[in-house]
Amino acid sequence: MLRQLDRHLKIGAGLPPARGVPCIEQIAAELRRLDRQRRGGPTQCSERWQAEVVRAYDNWLQMASRCLGVTERLDRLTGVERDLERLRVESALESAGLALRSRS
């Protein structure tokens, strides 16, 4: 399904081909990796590291949102409002067909 989405984005969405922009499959893989890190593991040991993982996760959420046409306001919010926006964006991306959680 992700390959179909990626092909649609490249062919049907009128987006210019951009070098260095990852395909939707790479974005999804990176989001799943960062999600595992932010939910547990070594990142729980350092607040600074945890904050950087969450920041990176938000950046990849923004990239996925642009690819799939999902509106997001992560940059404009802080604190609990940003946390709620992150949940809304995750839900919208999953509704658009992007699997954000590993099926383990």
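Note that the numbering runs from 1 along the sequence shown for the chain. Values in this document were obtained by computation on a predicted structure and should not be read as measured data.
Here the closest heavy-atom approach between residue Ala99 and residue Arg32 is recorded as O-NH1, 2.7 Å. Shortest non-hydrogen contact noted between Glu72 and Glu85 is CA-OE2, 3.4 Å. Considering every non-hydrogen atom in both Ile27 and Cys67, the closest pair reads CD1-SG, 3.7 Å. For Arg86 against Arg38, the heavy-atom pair with the smallest separation is CD-NH1, 3.8 Å.
Taking 4.5 Å as the limit, every side-chain heavy atom of Ser65 sits out of range of all side-chain heavy atoms of Thr71. The side-chain heavy atoms of Ile24 and Leu68, taken from C-beta on, include a pair separated by under 4.5 Å. Contact of the Ser91 side chain with the Arg88 side chain is not registered, since no non-hydrogen atoms from C-beta on lie closer than 4.5 Å. Counting heavy atoms from C-beta on, the side chains of Leu61 and Val70 never come closer than 4.5 Å. Side-chain contact between Gln50 and Arg55 is absent, with no heavy-atom pair separated by less than 4.5 Å. The shortest distance between side-chain heavy atoms of Arg82 and Arg76 does not fall below 4.5 Å.
Crowding of Glu81 atom CD: a count of heavy atoms from other residues, nucleotides or ligands under 6.0 Å not exceeding 12.
Between Leu100 atom CG and Leu31 atom CG the span is 6.0 Å, to the nearest 0.5 Å.
Cluster annotation: Trp49 is connected to Trp60 through the hydrophobic network of ILVMFWY side chains, with a link wherever side-chain heavy atoms come within less than 4.5 Å.
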One pair to check against side chain to side chain contact (heavy atoms under 4.5 Å, CB included): Leu34 and Val54. What are the steps and the verdict? CA-CA 8 Å; Leu34 289 166; Val54 171; over 6 Å; no
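Considering Gln62, Glu30, Glu90, Gln37 in turn, Glu90 is the only one that fulfils the side-chain hydrogen bond (donor to acceptor under 3.5 Å, both in side chains) rule with Tyr57.
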